[in-house]
Amino acid sequence: MKTEKIISVQNLTKMFGDFTAVKNISFDVYKGEIFGFLGANGAGKTTAMKMLIGISKPTSGSSTVAGLDVATQTEKVKKSIGYMSQRFSLYDDLTIRENINFFGGIYGLSRDQIRQKSARLIESLGLQKESKKLVKSLPLGWKQKLAFSISLLHEPKIVFLDEPTGGVDPITRRQFWELIYAEADKGTTIFVTTHYMDEAEYCDRVSIMAEGEIEALDSPKKLKKQYNTNSMDGVFLKLARNVE
Amino acid sequence: MRIISYIVQKEFLQIFRNKAMLPIIFVLPLIQLLILSNAATFDVKNIKFSFIDNDRTSTSRGLISKFEASNYFDVLEHFTSKELADQAMEKGAVDVILDIPRHFERDLVKNKKAELAVYTNAIDGAKAGIENVYINQIIREYNQHLSASLSLTDHQVARPINILAIPAFWYNNTLNYKTFMVPGILVLLVTMITLFLSGMNIVREKEIGTLEQINVTPIRKSQFIIGKLFPFWVLGMVLLTVGLVIAKIVFSVPIVGSIGLIYVFTAVYILLILGLGLFISNFTETQQQAMFIAWFLMVIFILMSGLFTPIESMPPWAQKLTLLNPIRYYVEVIRMVMLKGSGFIDVIYQLSVITVFAFVMNGLAVWSYKKTN
């Protein structure tokens, strides 16, 4: 059983004017688990995640990530986390290798480290032939895998993935989840948002958000039992119906 | 330092990879320099001149022939009445009308005094002013010539010699407008390119989402900003160099003062402009917004810089406003140094002002750049 808390969130709230995007949520994530953060579009997943990675200030509440207070030790938190945003955010006009050099460089890796890591990364993704091609020429699925691998360059303790598989085909999604599993096996904590219910089944625990609040949080197995259904789809639909 | 070098390296890669941007950065400004410097001249030539000669004497014809002899005036057919002349003026067919009254010669000989009327189309006030100066000069010259000949024929006692003003134009003794305009236009190019590129660059990263990715890294604000702006600082200095070479070779603009001083001033000046660009990009979400604001500021800066219109002829409140205009100082300094040979001591005021501006602007820019929203 995983018991060491790596993310701890207390009463986190974010308001944009009168609109409350995230309502007073509290939860813990344990070291080494794959934590699924589910919810419909606009449920507040991305907003909550942005507060945890220190690019959005909460209106109230607090959170610790990797044992550090996000509000006061923001920059230290950033050293311990990796992030892959919903929008593809590598540089399209740089090659694969140049992107790796740049992100490795700004995380403060040494030239040797960058050289070794980029060689390993390119090999493991099978991109040897493409390493000198511009990133914009790659298919979306490869770009996503590359972005994921680059977010791990500095060996973060936790990696935040915001809808990493949006818009890619089922086979690539499958491959992507294999990468996630491989990383989780190394002890990295994975915090992933998605609205694919089949992906929810791959997570150790999932939280389901609706209208800025966490409606349910448990392992997929227990949730299915609790809501008396045989798929996460069923759980999600029942919860969504309750909200309406 | 190492982290900054990674950003600088990435920026240069992107600048040189963008095949559409490179010509915009280097070729367009040079075309501008070549065209504007030739076109933007204060010389008024081909003035459409006409006259109404009610006197028809040798004196009145003599005056008109002076206008015909001038390079600046195109003497058109004369009008027989003031009404016809007015109509032509309304149609825009004529710029200047000289109305010579009857008994012009008689009055001149008898009373030593005669009156002339000059009508000038003053839709363009600056042009009308210059035309007026030309006309006055021609009439004054003719007057001197006349008083000499008339007094001779009249056998009168020679009057005291009129004071003759011989204009002496210092620092640009041929009144070559290119000498005057090229340094100024060079200032505009350096300013525009650095302001637009720096303003747009960071907003672009906001638009494509890479700025968010950067904000999640532990990079320091100052590292990121220095790394981002340094390549554009270099570009600005390269642009200045190319511009100076063209000024010297193509336009033969004299560079009397120290080139080093121009570089020192420009180095600080570009920092200020980059700070402004960054400041704009912090408060805008899209490249269009940034472009609009940068352009809006640019137009005000240019028109209030003393480049095209002298600051001395602006109303006092506007003159005070120009004290906030960075281009004003740069235009002053580059003209002083290039044409007049001013040294460090002479431009220390402008240099201090620009340095203070640069600190304030970059301070504001760094302060308003937020990694956390």
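The structure presented is a predicted model; accordingly, all values stated were derived computationally and were not measured. We name chains A, B, ... by the order of the sequence lines, and we start the count at 1 in each one. Worth knowing before you read on, the calculation uses all heavy atoms, side chains too, and leaves out hydrogens, waters and symmetry mates.
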Counting only heavy atoms closer than 4.5 Å, note whether [X] contacts chain B via side chain, backbone, both or neither.
X	value
A:Glu75	both
A:Leu134	side chain
A:Ser80	neither
A:Phe103	side chain

Test log, rule ring pair (Phe, Tyr, Trp, His ring centres under 6.0 Å), inputs A:Phe160 and A:Phe191
CA-CA 5 Å; A:Phe160 290 84; A:Phe191 186 104; 5.1 Å; yes

Between the side chains of [X] and [Y], does any donor sit under 3.5 Å from an acceptor?
X	Y	answer
A:Gln144	A:Thr172	no
A:Thr13	A:Lys23	no
B:Tyr269	B:Thr191	yes
B:Ser305	B:Tyr330	no

Closest approach of A:Leu94 to A:Asn99 (non-hydrogen atoms, all atoms of both residues):
O-ND2, 3.6 Å

Shortest non-hydrogen separation from B:Phe251 to B:Leu33 and the atoms involved
CZ-O, 3.9 Å

Under 4.5 Å, counting heavy-atom pairs only, tell me which of A:Arg111, A:Lys50, A:Lys76 racks up the most with chain B.
A:Arg111

Largest heavy-atom contact set with chain B, pairs under 4.5 Å, which of A:His154, A:Lys79, A:Glu98:
A:Glu98

Quick one: which residues of [range] reach chain A at under 4.5 angstrom, heavy atoms only?
range	value
residues 209-225 of chain B	B:Gly209, B:Thr210, B:Glu212, B:Gln213, B:Ile214, B:Asn215, B:Val216, B:Thr217, B:Pro218, B:Ile219
residues 193-205 of chain B	B:Arg204, B:Glu205
residues 5-19 of chain B	B:Ser5, B:Tyr6, B:Ile7, B:Lys10, B:Leu13, B:Gln14, B:Arg17

Any side-chain to backbone donor/acceptor pair from [X] onto [Y]? Under 3.5 Å, distance only.
X	Y	result
A:Thr74	A:Gly54	no
B:Trp233	B:Ala267	yes
B:Lys206	B:Thr284	yes
A:Tyr83	A:Asp162	no

Considering only NZ, NE, NH1 and NH2 on the basic side and carboxylate oxygens on the acidic side, decide whether A:Glu163 and A:Arg87 come within less than 4.0 Å.
no

Check the angle between the aromatic planes of A:Phe37 and A:Phe35 and answer parallel, tilted or perpendicular using the 30° and 60° thresholds.
tilted

Taking everything shown except A:Lys5 itself, do over 12 heavy atoms lie less than 6.0 Å from its NZ?
no

Please tabulate, for side-chain N and O atoms in residues 145-153 of chain A, each donor-acceptor pair with protein atoms closer than 3.5 Å (sequence neighbours left out).
residue	atom	partner	partner atom	Å
A:Lys145	NZ	A:Gln175	OE1	2.8
A:Ser149	OG	A:Lys145	O	3.0
A:Ser151	OG	A:Phe148	O	2.6

B:Leu34 side, atom CG; B:Ile185 side, atom CD1 - distance, nearest 0.5 Å
10.0 Å

